[in-house]
Amino acid sequence: NLSEKLQRAFKNLRGQGTMTEENIQEALREIRVALLEADVNLNVVKDLIDHIREKAIGQEVMTALSPTEQVIKIVHDELVTLLGKDTARFQFASRPPTVILMAGLQGSGKTTTSGKLAAWLQKGGHRPMLVSVDVYRPAAREQLRVVAQSIKANIYQGDTKGEPAGTPLVERLAKEARREAVITGCDTLIVDTAGRLHIDSDLMDEMAKLKALLSPQEILFVADAMTGQDAVRSAEEFHRRLALTGIVLTKMDGDARGGAALSIRHVTGQPVKFIGMGEKPDAFEPFHPDRIVGRILG
Amino acid sequence: IALTREVDEAALEDLEMSLIASDIGVTTAAEIIERLRDRGKRQGIRNGAELKDLLREHLKQILDEQQRPVAKVAAPPEVIMMVGVNGTGKTTTSGKLAAWYRAQAKTVLMCAADTFRAAAIEQLEVWGERSGVEIVRTKQGGDPSAVLFDALQAAKSRHNDVLIVDTAGRLHTKNSLMAELDKMRRTTQRIIPDAPHEVLLVMDATTGQNGLQQARLFTESAGVTGIVLTKLDGTAKGGIAIAIARELKLPVRFVGVGEKIEDILPFDSGAFVDSLLG
Ligand SMILES: Nc1nc2c(ncn2[C@@H]2O[C@H](COP(=O)(O)OP(=O)(O)OP(=O)(O)O)[C@@H](O)[C@H]2O)c(=O)[nH]1
Ligand SMILES: Nc1nc2c(ncn2[C@@H]2O[C@H](COP(=O)(O)OP(=O)(O)OP(=O)(O)O)[C@@H](O)[C@H]2O)c(=O)[nH]1
Ligand SMILES: [Mg+2]
Ligand SMILES: [Mg+2]
């Protein structure tokens with residue numbers, strides 16, 4: 001593990017001394033490898049190593065163990081700072097309904113997370129309404145309907161009236177769902193959208209149109225915890241087009257280290273607000289930065 | 001001849017960065033670049049373009065070494081099982097493959113063995129309609145091994161050329177779910193001794209280093225014979241497939257390049273490496 005590797009890297013720095021550029025070089029290399037193996041983006045790792053180097057140089061070494069402990073502490077603090085020290089807050093509207101727009105790549109967990117978010121809001125005393133504007137994926141709207149039923153949440157089904165799958169239909173359903181939420185006294189509206197590539201300009205335009213139509217309080221980027229180096233590219237583009245307000249990291253019940261969290265946070269400046277810990281509606285938790293830092297560092 | 005000729009270190013570093021950026025893995029990238037440096041020195045190759053060509057050749061070789069012709073099936077049906085973690089594209093790929101085999105004038109049957117996830121059976125049924133292929137299904141929450149049993153018997157009695165089995169997404173860390181997959185494999189073997197003939201691990205091209213562990217554990221429980229790399233129409237390079245080929249000796253069989261029925265291609269290592277190196 002990283003501690004053992006750092007112990008070896010610091011074998012010349014036992015006892016007393018000061019950390020210098022030279023004597024911490026090997027340790028920095030080990031940290032770089034650990035972060036890359038944890039799927040943190042290459043450029044984010046570069047920045048992190050620079051900050052860590054800066055903080056380490058000049059530090060006094062007190063005991064044989066201390067260089068490793070000191071550096072691990074620097075790394076740990078640097079990652080926690082990057083992720084944002086506190087658990088991020090959920091943004092409610094001053095006048096209901098609060099609209100939450102789900103966004104992300106194909107298969108990341110948006111539909112499942114929409115259900116989890118509804119269940120979480122119910123537990124908090126809210127009355128959420130769900131709507132799926134995924135008119136593209138086979139049985140997508142049926143999937144959300146089944147999820148809503150399982151947690152007894154309101155869902156606006158709407159009628160596609162045989163209209164072709166496309167942005168006009170998406171916008172119509174979204175508009176109708178918002179009206180329905182107001183009519184039925186639902187104070188939150190969760191809009192599940194189709195998975196899409198950040199390089200699909202028509203579908204990214206559709207997301208922008210949905211945002212303009214709904215003025216959501218939350219635009220959540222739902223990302224898979226096992227995403228590798230590409231995480232920054234998709235997150236960056238979704239953020240550029242939509243101004244994300246938060247991130248949900250799904251499938252954290254696996255053993256992916258989750259370095260994508262750092263990468264996405266770094267490139268969007270937005271906090272990870274929740275994590276998905278399973279397939280059931282209750283497998284949903286607010287995000288705690290220090291837990292994922294431990295996981296990323298292995 | 002001096003073995004210490006200079007190699008363009010800046011070029012090597014650029015190549016190493018692009019390998020890491022492709023998700024091939026930092027250690028794998030370092031080993032490949034080290035080998036490239038040695039070869040470059042021995043062959044007196046100095047410029048970046050030539051080094052890149054050597055690298056392209058080496059990466060292609062790693063992949064090609066695992067390509068092997070699909071074993072001839074003793075008697076129909078050929079049974080193809082789709083496995084993998086959640087959301088990678090198993091159901092969509094099942095539909096695409098069904099159409100692909102039909103285009104080769106094969107008769108195809110599909111089995112909806114994901115009886116757990118909301119609307120999974122309905123989703124595969126749409127693909128059945130799109131590809132003109134019948135689905136053997138059971139009720140929601142039914143036993144996956146039982147519906148698989150029915151599908152195998154049906155495919156045998158109807159003499160279908162191919163049976164495609166779509167399974168539920170599952171994380172490789174969930175022991176009971178991996179045991180369920182093992183049980184499905186053994187059920188298949190009991191009914192058709194050489195089956196499943198293909199166990200395709202469907203992997204998302206955006207997957208990072210966790211992909212190696214997925215491949216290891218799915219091979220243990222389900223006997224993976226090949227990879228389908230999906231969502232290559234995005235910006236992710238899918239370099240993890242090279243790490244998997246190198247370490248686990250698994251070939252890539254197909255790539256998914258979109259959400260439509262025709263968006264599936266047999267694996268082309270040259271095209272894959274060209275796109276990876278950019
Ligand atoms: N283990 C686990 N599985 C999850 C989690 N979140 C979602 N899933 C599973 O991941 C798969 C994909 O989830 P979906 O909700 O369909 O993903 P999506 O983003 O809506 O997919 P598209 O609409 O096609 O883009 C399903 O099998 C889910 O059950 C999680 O936190 N843990
Ligand atoms: N762009 C793109 N999207 C794909 C590709 N393959 C699948 N998808 C999309 O990925 C999402 C998930 O596909 P599914 O087929 O439901 O994945 P799955 O592995 O069956 O998911 P679970 O059964 O929930 O584990 C859907 O939105 C698909 O349309 C591909 O090659 N390219
Ligand atoms: Mg969905
Ligand atoms: Mg599926």
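Order of the sequence lines sets the chain letters (A, B, ...), proteins ahead of strands, with each chain counted from 1.
- Between A:F221 and A:F238, the angle of the ring planes lies from 30° to 60°, which puts this pair in the tilted group.
- Of the listed residues (B:E125, B:Q214, B:Q213, B:R117), the one with the most heavy-atom contacts under 4.5 Å to chain A is B:R117.
- Using a 4.0 Å cut-off between charged nitrogen and carboxylate oxygen, A:R8 and A:E30 do not count as a salt-bridge pair.
- Ring geometry, A:F274 versus A:W120: the interplanar angle exceeds 60°, so the pair is classed perpendicular (tilted spans 30 to 60°).
- The candidate with the highest count of non-hydrogen atom pairs below 4.5 Å against chain B, out of A:R233, A:R32, A:E142, is A:R233.
- Using a 4.5 Å cut-off between heavy atoms, B:E122 touches chain A through backbone and side chain atoms alike.
- Of the listed residues (B:G169, B:A30, B:A205, B:A21), the greatest number of heavy-atom pairs within a distance under 4.5 Å of chain A belongs to B:A21.
- Looking at B:Q140, neither its backbone nor its side chain comes within 4.5 Å of chain A, counting heavy atoms on both sides.
- Contact of B:Q123 with chain A is made through backbone and side chain together, with heavy-atom distances under 4.5 Å.
- Heavy atoms closer than 4.5 Å to chain B are found nowhere in A:D200, neither backbone nor side chain.
- Ring pair B:F272/B:F267: centre-to-centre distance below 6.0 Å.
- Note on A:L36, A:T111, A:T250: by heavy-atom pairs under 4.5 Å with chain B, the leading option is A:L36.
- Side-chain atoms of A:V267 and A:H239, non-hydrogen and from C-beta on, never get closer than 4.5 Å to each other.
- Atom CD of B:E13 is surrounded by 12 or fewer heavy atoms from other residues, nucleotides or ligands within 6.0 Å.
- Neither the backbone nor the side chain of A:R145 comes within contact range of chain B; no heavy atoms are under 4.5 Å apart.
- Between chain B and the options A:S150, A:G228, A:A260, A:A225, the largest number of non-hydrogen pairs under 4.5 Å is found for A:G228.
- The existence of a salt bridge linking B:E259 and A:R137 is excluded, since no basic side-chain nitrogen approaches an acidic carboxylate oxygen closer than 4.0 Å.
- Looking at A:R295, its side chain does come within 3.5 Å of a backbone N or O of A:A256 through a donor-acceptor pair.
- In this structure, the portion of A:E279 lying under 4.5 Å from any heavy atom of chain B is its side chain and not its backbone.
- Contacts with chain A were tallied for B:T91, B:V126, B:T206; B:T206 has the most, counting heavy-atom pairs under 4.5 Å.
- Note: A:I199 leads A:V147, A:I199, A:V146 in heavy-atom pairs under 4.5 Å with chain B.
- Using a 4.5 Å cut-off between heavy atoms, A:D39 contacts chain B through its side chain alone, with no backbone atom that close.
- For the pair B:T93 (side chain) and B:G89 (backbone), a donor-acceptor distance under 3.5 Å is present.
- Within a 6.0 Å radius of NZ in B:K183, no more than 12 heavy atoms belonging to other residues, nucleotides or ligands are found.
- Within the 4.5 angstrom heavy-atom criterion, no atom of A:R257 approaches chain B.
- The greatest number of non-hydrogen atom pairs below 4.5 Å with chain B, out of A:D255, A:L144, A:L105, A:V33, is found for A:D255.
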